Amino acid sequence: MATSNETNTLDCMPSEQHISRASCKTYRGGIRSALELGPNIGVNLIALRRLIPGFRATGIEINEKAAKECAKIPDVTVVQDAFLNYKSDETFDLTFTYGVLLLQNPETLPALYDILYEHSNRYIFMCEYYNPTPVTVPYRGFTDRIFKRDFAGELMDCHPDVQLVDYGFFYHRDKFFPEDDSNWFLMEKR
């Protein structure tokens, strides 16, 4: 497996490979802590812990079973609750979402952007479905469960001191780490 000093993407598990590709610029900034909205069982937090020695994190996870699994990860605190109920003065080097905002009611997005912003010392990362204008994606017979939109652009519009640092795309035909077609955005508070 790759260590924080050597990143051979072929030796990484998929989440590590995606996290390392998408957030490599944050390593130069020295991130040591993160808040993830919706970590599920904690795959992204495990990847960050493996890539960054001494890393600590908090995850907000509404699903009780997933929260219990995530809480087993060393140096990870899990708050089992809805995102909008999260109350804390703690800030983190990085706040992020990975396939979570696309599932949220669009009316709640400004409040979720505020959570990401207010709890970040420096970086905000999103990996979500992208579309320049909001659209819904049919899913299991429903038309109001998954949304594509410019989540990063909306966050930057709400918080003008946040600037784009880098962005990229994960592709379902990637030979080594195929995933849903989704865009990632790394932003920084300036």
Side-chain angles (χ1 to χ4, degrees), residues 1-104 111-128 151-152 155 159 162 165-166 168 170 177 179 182 184-189:
M1 280 298 157
T3 67
S4 62
N5 296 328
E6 57 180 280
T7 307
N8 178 348
T9 57
L10 295 179
D11 290 340
C12 298
M13 62 189 220
S15 198
E16 282 181 69
Q17 193 266 349
H18 290 150
I19 293 286
S20 66
R21 275 175 52 195
S23 61
C24 64
K25 291 187 181 217
T26 63
Y27 300 149
R28 287 183 232 134
I31 69 166
R32 291 283 177 240
S33 62
L35 171 68
E36 181 176 11
L37 303 187
N40 196 279
I41 62 170
V43 174
N44 296 320
L45 299 176
I46 291 169
L48 285 166
R49 283 194 75 251
R50 291 174 64 160
L51 292 167
I52 305 168
F55 179 79
R56 67 173 181 79
T58 295
I60 307 170
E61 176 57 55
I62 197 166
N63 179 299
E64 182 179 3
K65 187 175 178 181
K68 285 181 181 177
E69 280 301 307
C70 189
K72 294 176 183 177
I73 304 167
D75 301 315
V76 171
T77 301
V78 178
V79 177
Q80 200 251 308
D81 206 345
F83 307 139
L84 297 177
N85 294 337
Y86 182 66
K87 304 292 184 236
S88 174
D89 293 331
E90 188 172 10
T91 58
F92 303 85
D93 300 326
L94 170 71
T95 58
F96 73 102
T97 66
Y98 200 113
V100 169
L101 295 177
L102 59 90
L103 300 169
Q104 305 306 308
L112 296 175
Y113 298 151
D114 288 347
I115 291 169
L116 290 165
Y117 177 84
E118 291 165 5
H119 293 283
S120 172
N121 288 330
R122 186 167 183 192
Y123 293 108
I124 300 169
F125 175 84
M126 297 176 176
C127 183
E128 305 288 344
F151 296 101
L155 184 142
H159 300 283
V162 174
V165 173
D166 203 0
F170 295 131
F177 301 105
E179 189 171 313
S182 53
W184 58 264
F185 301 88
L186 177 63
M187 296 161 281
E188 184 174 11
K189 292 171 80 170

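Given the structure is predicted, the values throughout are model-derived calculations rather than measurements.
Atom CZ in F96 sits 12.0 Å away from atom OG in S120 (nearest 0.5 Å). The distance from atom OG of S88 to atom CD1 of I115, rounded to the nearest 0.5 Å, is 11.0 Å. Once rounded to the nearest 0.5 Å, the distance linking CE of M126 with CG of L112 reads 9.0 Å. Between atom OG1 of residue T97 and atom CG of residue L155 there is a gap of 9.5 Å, rounded to the nearest 0.5 Å. Once rounded to the nearest 0.5 Å, the distance linking CZ of F170 with CH2 of W184 reads 7.0 Å. The distance from atom CG of N40 to atom CG of L45, rounded to the nearest 0.5 Å, is 10.5 Å.
Every pair passing ring pair (Phe, Tyr, Trp, His ring centres under 6.0 Å) that includes a residue from residues 66-86 is listed here, sequence neighbours excluded: Y86-H119.
In this structure, E128 contributes its side chain and F151 its backbone to no donor-acceptor pair below 3.5 Å. Counting only distance, with no hydrogens or angles, the side chain of Q80 and the backbone of A67 share no donor-acceptor pair below 3.5 Å. With R32 contributing its side chain and P53 its backbone, the two residues share a donor-acceptor pair below 3.5 Å. Using modelled atom types, no side-chain atom of E69 and backbone atom of K65 make a donor-acceptor pair closer than 3.5 Å. Not a single donor-acceptor pair under 3.5 Å links the side chain of D166 to the backbone N or O of L186. The main-chain N or O of L116 is found under 3.5 Å from a side-chain atom of T95 such that the two form a donor-acceptor pair.
Note: H159 and Y117 have parallel aromatic rings, judged against thresholds of 30 and 60 degrees for the angle between ring planes.
For the pair G59 and P39, the tightest heavy-atom approach, listed with the atom from each and the gap, is CA-CG, 3.8 Å. When every heavy atom of L84 is checked against every heavy atom of A111, the shortest pair comes out as CD2-CB, 3.5 Å. The shortest heavy-atom contact between F55 and A34 is CZ-CB, 3.4 Å.
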| task | Could you please spell out the steps behind the side-chain contact (heavy atoms from CB on, under 4.5 Å) verdict for V43 and I41? | result | CA-CA 6 Å; V43 174; I41 62 170; 4.0 Å; yes
| said: For a side-chain contact (heavy atoms from CB on, under 4.5 Å) check, start with the C-alpha distance between M187 and V162, then their side-chain angles and the critical distance, and finish with the verdict. | reply: CA-CA 6 Å; M187 296 161 281; V162 174; 3.5 Å; yes
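With sequence neighbours left out, the salt bridge (charged side-chain N to carboxylate O under 4.0 Å, His left out) criterion links K68 to E64. E118 meets the salt bridge (charged side-chain N to carboxylate O under 4.0 Å, His left out) test with no other residue; sequence neighbours excluded.
Between R56 and E36, none of the side-chain N atoms (NZ, or NE/NH1/NH2) sits under 4.0 Å from a carboxylate O, so this pair counts as no salt bridge.
Within the 4.5 Å cutoff, no side-chain heavy atoms of V79 are placed close to those of E61. A heavy-atom distance below 4.5 Å is not found between the side chains of I124 and L94.
No cation-pi contact links K189 to Y123, judged by a cut-off of 6.0 Å to the six-membered ring centre and 45° from its axis.
Each of T91, T58, T77 was evaluated against L35; a single residue qualifies, T58, per the side-chain contact (heavy atoms from CB on, under 4.5 Å) test.
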